[in-house]
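Lettering follows sequence order; numbering is per chain, from 1.
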Amino acid sequence: MDCMETRTLLGSYLDRELDRKSVIAVGRHLDGCGECKRMFDLHSSITSAIRKRATYHPASASLANRIRAQIAQAAIRPENSRPPRVTRPLWNRWLQLGSAVAAAVIITSIATTQLASNSGNQMIAEQIINGHSRAILTSHQIDVASSDQHTVKPWLSSKLDFSPTVADLTTAGFPLRGGRLDYVDNRPVAVLVYGHRQHVIDLFIWPDDGVTDRSRTRSFSKRGLNVLHWSAAGMTHWAVSDLNSADLETFAERYASSK
Amino acid sequence: MAHLNAAHNFAYWLARDPRNAEDIVQEACLRAYKFIDSFDGENGRAWLLAIVRNTFYTWLEKTRADRSSIEFDEHALAAHGYDMKILEYDESYSIDRSLQQEESRRWVDRALSQLPDDFREVIVLRELEELSYKDISTIAGIPVGTVMSRLSRARKLLLQHLKATQEL
């Protein structure tokens with residue numbers, strides 16, 4: 001390798017971006033050529049000067065906070081300029097939340113615990129959806145068929161180590177059809193079955209483990225089913241239905257305020 | 001907050017102004033959030049830095065009609081060639097450590113901030129973020145060969161600048 005070739009490759013040699021063969025060739029030339037070696041030393045001196053002495057400007061804490069707030073805001077209101085669309089589907093909102101978490105992770109890597117709890121929620125949402133689908137497909141939706149809350153509640157309580165609230169929502173348009181047992185998150189859970197016109201709503205209930213994020217309602221959607229999740233009075237609630245998301249939200253509100 | 005720091009450092013060295021750097025990073029993060037679908041899951045830092053760079057150039061076009069910075073005289077550089085003074089400067093560094101350290105930091109920062117945009121960005125990505133040629137090529141949207149030649153020219157310009165400053 002001659003001087004000209006060596007000098008062309010000097011930077012890449014310094015940056016360890018050369019293939020093995022070239023590294024050996026450049027190294028051999030530098031050993032025997034004082035002028036090229038001097039150039040190499042100059043290159044590495046400027047590199048180390050920049051690395052050691054150039055100021056690195058990390059983001060301030062206030063900037064990090066502003067960005068987190070901004071992403072959270074964008075997740076809630078995707079189009080700031082336009083009025084909110086009434087019929088924005090739930091899955092869309094869930095996707096928004098998902099990408100907010102992903103973006104926050106890439107940008108600030110602060111949301112790891114949130115991500116963990118979200119993926120935990122997603123796993124449970126998956127089980128809820130499977131439980132609902134299985135019940136529909138096998139026509140085994142109801143273990144105890146009754147529109148009477150005073151029949152359903154004792155039956156569930158006798159099979160479980162807790163007693164779920166069985167609300168009468170007939171006047172709200174959600175008549176009780178019955179209840180059944182299911183198995184979610186490695187434990188037996190209560191399922192209340194409500195109707196709304198031709199639709200069926202399964203409401204899964206079990207005691208809070210105290211770890212679950214109880215701050216707000218979360219929504220998911222999959223395979224044409226909408227899922228709502230909230231915590232109240234020490235209980236975790238998951239409602240699943242092929243009902244549209246707005247009606248499912250109404251159901252959740254009525255149920256929550258019935259107590 | 002590794003990537004946010006990288007984003008801010010890069011934006012700072014592109015804009016060379018703390019307030020503008022913060023604005024650019026904030027805008028870039030919002031874009032990152034909106035275009036998260038375009039992230040292939042491979043290298044989050046490089047992906048975010050590419051967005052920061054795009055945001056910077058959009059901002060630059062909007063705010064400054066004249067984007068000429070203090071350009072180096074490359075012909076003068078070619079005439080002078082290299083100089084060993086840079087190494088002497090390193091030796092004198094040990095005489096009065098704290099003073100020299102602060103002073104050399106100022107020299108290096110000034111030299112870096114006066115590099116033309118094209119050269120400054122590759123140097124910052126290489127020396128401060130220690131990114132590979134491949135990642136730099138992705139972020140700056142230039143071939144690897146161009147990364148190589150720009151780095152080489154940037155280093156020559158920095159050498160020249162540090163030598164000139166020292167002689168003042």
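Comparing B:Met148, B:Arg126, B:Glu130 by heavy-atom pairs within less than 4.5 Å of chain A, the highest count is held by B:Arg126.
Note that CG of B:Leu4 is 5.5 Å distant from CG of A:Leu63, once rounded to the nearest 0.5 Å. Taking CG of B:Leu159 as the start and CG of A:Leu42 as the end, the distance is 5.5 Å to the nearest 0.5 Å. The CG atom of B:Asp109 sits 6.0 Å away from the NE2 atom of A:His57 when rounded to the nearest 0.5 Å. Taken from CG in B:Leu157 to CD1 in A:Ile46, the straight-line distance is 10.0 Å, to the nearest 0.5 Å.
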Anything under 3.5 Å between a donor and an acceptor, one on a side chain of residues 139-146 of chain B, the other on a protein residue two or more places apart or in another chain? List them.
none

Only pairs under 3.5 Å count here: list side-chain donor-acceptor contacts from residues 17-25 of chain A, not counting sequence neighbours, and write none if there are none.
unit_1	atom_1	unit_2	atom_2	d
A:Glu17	OE2	B:Tyr133	N	2.8
A:Asp19	OD1	A:Ser22	OG	3.0
A:Asp19	OD2	A:Lys21	N	3.3
A:Asp19	OD2	A:Ser22	N	3.2
A:Asp19	OD2	A:Ser22	OG	3.2

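B:Arg105 places a side-chain N or O within 3.5 Å of a backbone atom of A:Arg53 that can act as its donor or acceptor partner.
Residues satisfying the side-chain contact (heavy atoms from CB on, under 4.5 Å) criterion with A:Pro58, sequence neighbours excluded, are A:Tyr56, B:Asn5.
In summary, B:Asp23 and A:Arg66 do not engage in a salt bridge, as defined by a charged side-chain N under 4.0 Å from a carboxylate O.
For the residue pair A:Thr55 and B:Asn9, the shortest heavy atom distance occurs at O-OD1, 3.9 Å. Nearest heavy atoms, A:Ala54 versus B:Leu112: CB-CD2, 3.9 Å.
No part of B:Arg106 comes within reach of chain A, as not one of its non-hydrogen atoms sits under 4.5 angstrom from that chain. In this structure, chain A has a heavy atom under 4.5 Å from the side chain of B:Leu151, while its backbone stays farther away. Residue contact with chain A, scored on non-hydrogen atoms closer than 4.5 Å, is absent for B:Ser149.
Heavy atoms from other residues, nucleotides or ligands lying under 6.0 Å from CZ of A:Arg28 number 12 at most.
Between the side chains of B:Glu22 and A:Ser60, at least one donor-acceptor pair of N or O atoms lies under 3.5 Å.
At a heavy-atom cut-off of under 4.5 Å, chain B is reached by A:Gly11, A:Ser12, A:Leu14 from residues 7-14 of chain A, listed in order of number.
You'll find the side chain of A:Lys52 stays beyond 4.5 Å of the side chain of B:Glu127, heavy atoms only.
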